[in-house]
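These notes concern the structure reproduced below.
Whatever order the structure lists ligands and atoms in, that order sets their numbers, starting from 1.
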Amino acid sequence: MAAKKTFEYAPAPESRAIVDLKSSYGLFINGEFTDGSGSTFKTINPASEEVLAEVAEATTADVDKAVRAARTAFTRVWSKMPGSERAKYLYRIARIMAERSREFAVLESLDNGKPIRESRDVDIPLVSQWFFYYAGWADKLGYALPGNGHSGANPQPLGVAGQIIPWNFPLMMLAWKIAPALAAGNTVVLKPAETTPLTALLFAEVCQQADLPPGVVNIVTGAGATGQAIVEHADVNKIAFTGSTAVGKAIARSVAGTDKKVTLELGGKAANIVFDDAPIDQAVEGIVNGIFFNQGHVCCAGSRLLVQESVYDDVIERLKRRMTTLRVGDPLDKNTDIGAINSAEQLARIKKLTAVGDAEGAERWSPPCDLPSNGFWFAPTIFTGVTQAHRIAREEIFGPVLSVLTFRTPAEAVEKANNTPYGLSAGVWTEKGSRILSVASQLRAGVVWANTFNKFDPSSPFGGYKESGYGREGGRHGLEAYLSADPAAAERPPGRRTKGAHR
Ligand code: NDP
């Protein structure tokens, strides 16, 4: 028999020359970049630990300045502008994002560590699509609220939206937040995550390029304290947050007793259920995509694989074979499947929870893989022999780590899938359409994918049950979070006021 040959890939690096990286960045307030009144922090490339830039850390006073700019833009310009005019700005932003997509993709991969294949083919195209989609809604808001299916309805924007986003899909989360808010006539103050501020700051340049009126979009960089200052600001009408369940709960406590509207998109521990009649090779692709896409830094990742016992051996064997072909390394190489872990802190969290998996008796397996010496890396990993009591079956690891469980009957699959405090997403793999419908209707998850996984579309609502949060982003539903049926909604102050805050 001929010896098995392995074919090495030649390096295929994407050039970073397209990105004009500045050594330092200020805050984007009222249409201009301005120095913050506080200190600065460094943002690094997690694949090399190279410092990319110094970024301003917004203080409470800076946040106040941004909120005032947003309020002025809201009352004087944006809420008064006809929807068809607002749409023109959103279309313009969408087109610029498409034109500058390569620049954004490279910068996203540099700052976040995700493979260029994903930032180029998934994140940035979706950003552009999100703005196109909501541009189309801006002059049809009469149809946006449930029961208001007629053009005579006149829902109103809420006012100033405070938006806090995480590091796993920095620009995509920005688009999910800003596009519907602006379409509905709100203005925004957005805080990107501390480890991934750069594409949001480049987006600020796009706002300038699109001639967006000053103050409609404000970007304040910083850490948790900056986010908290936005949440607690008395003149913010709505908070939209994506991130950890712990911070989501703290935000919910903080706004309790005020009139602020809140949407929370939090963690997940999704079940990806493979029945014995599923096309196994296709399911294996879906399993790989479900957990190794974006290094598993995905709130809706299929991090719990539930396999029907009769096909367990076959699925695991094919999955392991497929995993040996995954290429881990330089995010800017076009052949890379799995990039860098976003930060030292996140890597430590992954290592800690996987050590718990070992200690609790689950069996760990990773393909042989050379990890770079600098930067933050974790090999794609599966744990078999996992039971529902194991912490790796219950807690969000947020890394390239899959916990594998088994089941015998559809009822058992549903029971195990729902046995989680979360409820963001799930996957079902089967040839039978009737089984898809039956199982999907019993799963307590905001999104259920059938014979696919991790598919996103701007027209499709996304959000969770239980500790995965509340409210929906995307589609018509995504507008509900930014509109009120009450014609006087935007005239009223948001509720409890703090000293020093002005309208
Ligand atoms: P966080 O929830 O801390 O971060 C999300 C965003 O909230 C960031 O912009 C963060 O700022 C900001 N923030 C932090 N503290 C506060 C606060 N008190 N008030 C307002 N805003 C705040 O997530 P982590 O980055 O700490 O990740 C921890 C875990 O959370 C992960 O391991 C993962 O399990 C989960 N996670 C889930 C996400 C999801 O999409 N559902 C996304 C990210 C994380 P800063 O970046 O400066 O801390």
- Task: List every atom of ligand 1 that sits less than 4.0 Å from any heavy atom of Ala193, numbering the atoms from 1 in the order shown and giving each element.
- Result: 9 (O), 46 (O)
- Query: Can the ring centres of Phe131 and Phe203 be said to be less than 6.0 Å apart?
  - Reply: yes
- Item | Those atoms of ligand 1 less than 4.0 Å from some heavy atom in Gly222 | 47 (O)
- Would you say ligand 1 has an N or O under 3.5 Å from any N or O of Val231? no
- Message: Check for me whether the distance between the ring centres of Phe398 and Trp167 falls short of 6.0 Å.
- Response: yes
- Pull out every atom of ligand 1 sitting under 4.0 Å from any heavy atom of Leu266, numbered as shown with elements. 41 (N)
- Identity and separation of the nearest protein heavy atom to atom 46 (O) of ligand 1: Glu194 N, 2.9 Å
- For atom 1 (P) of ligand 1, grab the closest protein heavy atom and report residue, atom and distance to one decimal in Å. Ser244 OG, 3.6 Å
- Item | Those atoms of ligand 1 less than 4.0 Å from some heavy atom in Gln228 | 19 (N), 20 (C)
- Task: Establish, from distance only, whether the side-chain atoms of Asp111 and Thr199 form a donor-acceptor pair under 3.5 Å.
- Result: no
- Heavy-atom closest pair (His233 atom, Asp64 atom, distance to 0.1 Å) is NE2-OD1, 2.6 Å
- Message: Whether the Trp137 and Tyr133 side chains hold a donor-acceptor pair (N or O, under 3.5 Å, no angle test) is what I'd like checked.
- Response: yes
- Do Ser128 side-chain atoms and Ala94 backbone N/O form a donor-acceptor pair below 3.5 Å? yes
- Message: I need the contact type for Ile397 against ligand 1. Using non-hydrogen atoms and a strict under-4.0 Å cut-off, is it side chain, backbone, both or neither?
- Response: neither
- Message: Out of Gly224, Cys299, Gly227, who is nearest to atom 13 (N) of ligand 1 when you count heavy atoms only?
- Response: Gly224
- In terms of atom number and element, which parts of ligand 1 are under 4.0 angstrom from non-hydrogen atoms of Thr242? 5 (C), 40 (O)
- Within a radius of less than 6.0 Å around CD of Glu363, do more than 12 heavy atoms belonging to other residues, nucleotides or ligands occur? no
- Item | Heavy-atom protein contact below 4.0 Å for atom 9 (O) of ligand 1 | yes
- Query: Are Phe462 and Trp176 close enough that their ring centres sit under 6.0 Å apart?
  - Reply: yes
- Item | Ligand-side contact atoms (ligand 1) for residue partner Gln346, heavy atom cut-off under 4.0 Å | 31 (C), 32 (O)
- Note on the structure: Looking only at non-hydrogen atoms, the one of Trp167, Phe41, Phe398, Phe241 nearest atom 7 (O) of ligand 1 is Phe241
- Between Glu108 and Arg120, does at least one N-O distance fall below 4.0 Å, as a salt bridge requires? no
- Message: With a 4.5 Å cut-off on side-chain heavy atoms, are Leu202 and Phe104 touching?
- Response: yes
- Is any side-chain heavy atom of Val188 less than 4.5 Å from a side-chain heavy atom of Lys177? no
- Which segment of Ile165 sits under 4.0 Å of ligand 1 when only heavy atoms are counted: backbone
- Query: Please state which protein non-hydrogen atom is closest to atom 34 (O) of ligand 1 and give its distance, to 0.1 Å?
  - Reply: Glu396 OE1, 2.9 Å
- Counting heavy atoms under 4.0 Å, the part of Arg349 that contacts ligand 1 is side chain
- For atom 12 (C) of ligand 1, the closest protein heavy atom turns out to be Ile164 CG2, 3.7 Å
- Can you find a side-chain donor-acceptor pair between Asp62 and Ser37 that sits under 3.5 Å? yes
- Item | Minimum-distance protein heavy atom relative to atom 43 (C) of ligand 1 | Pro166 CB, 3.5 Å
- Message: Give me the residue, atom name and distance of the protein heavy atom closest to atom 11 (O) of ligand 1.
- Response: Lys191 NZ, 3.0 Å
- Message: Tell me the protein heavy atom at minimum distance from atom 22 (C) of ligand 1, and give that distance in Å.
- Response: Val247 CG1, 3.7 Å
